[in-house]
Amino acid sequence: MSKRFTRILTTLFVTLALLGGGVTLYGDNIRKLFGASASSLAVDYRAVASDSERLQRKSMKSFGKNDAYGDGDSDTGQRANTPVAHAPAPISAPQAINPRTEVREDAFSTFAVDVDTASYTQFRRSVTEHQLPHPSNVRVEEWVNYFRYAVPAPRPGQGPFHVALEAAPSPFAARQHLLKVSLQGRHVAKAERKPTHLVFLVDTSGSMQGPDRLALVQKSVKLAVEGLNPNDTVAITTYAGGVSTVLEPTPAKERKRINAAIDSLSAGGGTAMGDGLELAYRQAVRMAGSERVSRVIVLTDGDTNLGRNQTVATMLGSIRQYVKEGVTLSTIGFGMGNYRDELMERLANQGNGNCYYIDSEREAQRVFRDQLGGTLEVIAQDVKIQVEFDRAAVRAYRLLGYENRAIADADFRKDDVDAGEVGASHTVTALYELDLTGEGDTVATVRVRAKKPGDSEAAEQRFVLNRDEVKESLDRASDDLRFAVAVASTADLLRGTLTTDERNFSRIHSLAADATHGQEDREEFLTLLGKLRQLLAPRLASSSR
């Protein structure tokens, strides 16, 4: 039986199992979280893409030997020229989870960077409010990248990035290893930042009433203004049933005038987001230029109709045009209920910006004060990562997350293919599961390709992990690797990944607990794991009857 036919049967079986629905919810993965046997339950709380969708996505890669760049063993092969779409699937049809890939069929893994964190923050709010996150809203990479990891900064002359590679045996499977790929962007001091023009597009519709919505938006905007340089400029536009400009471009040093405009905002009316975006972009494009950062920041609860003559397609097309004019877009979510997570991420991806979710004043400080420099000062555009696995050393691999950031392998060196943006001091981390052979000298070669802001041609950096650098035991691995694995494994189970290893709640908790070292965000994650267990317990009991 061919491997392709086996994959088809496997996916078909999973899809049929998932259609069961009902009380068991997370099925086998609940059992795995608690360390119980999975044999008596079927997984039924994850919708996966059809087999044709998975095969179509995988066909973007090569199933035969093909060294696309002529720096290794080469065979003639055919690869698609079109990248996988970056937009996430709607809530009813989550993105297909990355399959385990045989290296002899495809030695390359290629994706665009992603520094969004909205998925993790929404998980935190859901669990805190005694609700489970919907699997389609769980994006592994956003959970992993919520946390900070110690990665050396690039050396002078090295380029915009340094990539740290670390591999160690898996705590869940005896014959499996885990690889952490962490990219660190160079630091840019506040005084060295380009002049910035921010247009805050604030949703002032009726649904924005409440302390966790408009009131938190107002605090967030004030925090962002505090972090600007005196001669940076700010404009404020709003949308509800109609749209309006509340503040024309104003120097950040005129704090009283800006704060008065912020304080004047009130909620009421409809939700014409598309019309609001057009107004905000018109404000932003007036100040755009190669020597100035011009960014629209949308602050909304995501409960939206689009406005007159607006569809998602037309709105995305408009955003693409403004990106060409030098204006980027970030989306910031507030509140729960009708929040359209998939739309917010899609808009930010199309606008070459970030997608965040604010659930508290503390998170507002994190995004708008602590990380503002990275949001404002983009150090590299169209950043792509490609990992080439050595055919002698690696039998198979699986990338955890980044499904909606996948890029065709052959498009890695096509500089007109859109990818992700990285801001000053940003860190981007990806995790792989590896089946090693015990042979070969090199495990993986990581290439990072990116453009300077405004340039049309990209430069490339190369980093190598040798087999003798792989840790002999997990105890010798860094706390960062252990903690990142715990976070990714929790997300992977919650979104319904069918695992064959021994992941369970107690192992994940122990793994994370030994790697917190007093860091507040990491200790909070342990608390959330405890609350998650309480939420899942009734479902486990119900499914066992």
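Count residues from 1 along the sequence.
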Regarding [X] and [Y], do their side chains bring together a donor and an acceptor under 3.5 Å, going by distance alone?
X: Glu278; Y: Ser318; value: yes
X: Gln122; Y: Asp341; value: yes
X: Arg447; Y: Gln461; value: no
X: Thr121; Y: Asp359; value: no
X: Asp301; Y: Ser207; value: yes
X: Asp479; Y: His517; value: yes
X: Glu166; Y: Ser478; value: yes
X: Thr516; Y: Glu523; value: no
X: Ser119; Y: Glu142; value: no

Mark yes when over 12 heavy atoms from residues, nucleotides or ligands other than [X] sit less than 6.0 Å from its [atom1]; otherwise mark no.
X: Arg155; atom1: CZ; result: no
X: Glu457; atom1: CD; result: no
X: Lys452; atom1: NZ; result: no

State, to 0.1 Å, how close [X] and [Y] come at their nearest heavy-atom pair, and which atoms those are.
X: Ile407; Y: Asp418; value: CD1-O, 4.2 Å
X: Gly373; Y: Ala424; value: O-CB, 4.3 Å
X: Asn354; Y: Val115; value: ND2-CG2, 3.2 Å
X: Ala235; Y: Gln283; value: CB-OE1, 4.4 Å
X: Ala288; Y: Ser294; value: CA-CB, 3.9 Å
X: Ala419; Y: Asp382; value: N-OD1, 3.0 Å

Is [X] positioned over the aromatic face of [Y], cation under 6.0 angstrom from the ring centre and no more than 45 degrees off axis?
X: Arg124; Y: Tyr357; answer: no
X: Lys180; Y: Tyr432; answer: no
X: Arg522; Y: Phe483; answer: yes

Any donor-acceptor pair under 3.5 Å from [X] side chain to [Y] backbone:
X: Gln218; Y: Ile262; value: yes
X: Asn229; Y: Asn231; value: no
X: Asp116; Y: Ala118; value: no
X: Glu141; Y: Tyr402; value: yes
X: Asn352; Y: Thr328; value: no
X: Gln386; Y: Phe412; value: no
X: Gln184; Y: Ser425; value: yes

Check the pair Phe147 / Tyr120 against ring pair (Phe, Tyr, Trp, His ring centres under 6.0 Å), numbers first and verdict last. CA-CA 10 Å; Phe147 300 92; Tyr120 179 80; 5.1 Å; yes
Report the residue from Asn404, Thr331, Asn137 that forms a side-chain hydrogen bond (donor to acceptor under 3.5 Å, both in side chains) with Glu345. Asn404
Check: [Y] and [X] side chains under 4.5 Å, non-hydrogen atoms:
X: Thr300; Y: Met344; result: yes
X: Lys222; Y: Lys219; result: no
X: Arg292; Y: His197; result: yes
X: Val221; Y: Val217; result: yes
X: Val202; Y: Thr237; result: no
X: Ile332; Y: Val298; result: no
X: Asn349; Y: Arg405; result: yes
X: Phe525; Y: Val487; result: yes

Where do Glu361 and Arg366 land on the salt bridge (Lys or Arg N to Asp or Glu O under 4.0 Å) test, with the steps shown first? CA-CA 9 Å; Glu361 190 169 348; Arg366 176 189 177 99; over 6 Å; no
Test side chain to side chain contact (heavy atoms under 4.5 Å, CB included) on Val448 and Leu183 and set out the steps. CA-CA 9 Å; Val448 181; Leu183 176 151; 3.7 Å; yes
Output, in order, the C-alpha distance, side-chain angles, deciding distance and verdict of side chain to side chain contact (heavy atoms under 4.5 Å, CB included) for Arg125 and Thr128. CA-CA 5 Å; Arg125 174 154 186 175; Thr128 301; 5.6 Å; no
Given the rule in the side chain to side chain contact (heavy atoms under 4.5 Å, CB included) test, do Val199 and Tyr281 qualify, once you have shown the distances and angles that lead to the verdict? CA-CA 8 Å; Val199 180; Tyr281 270 123; over 6 Å; no
Going through the distances and angles, do Arg257 and Glu248 end up as a salt bridge (Lys or Arg N to Asp or Glu O under 4.0 Å)? CA-CA 11 Å; Arg257 182 182 172 192; Glu248 294 286 346; over 6 Å; no
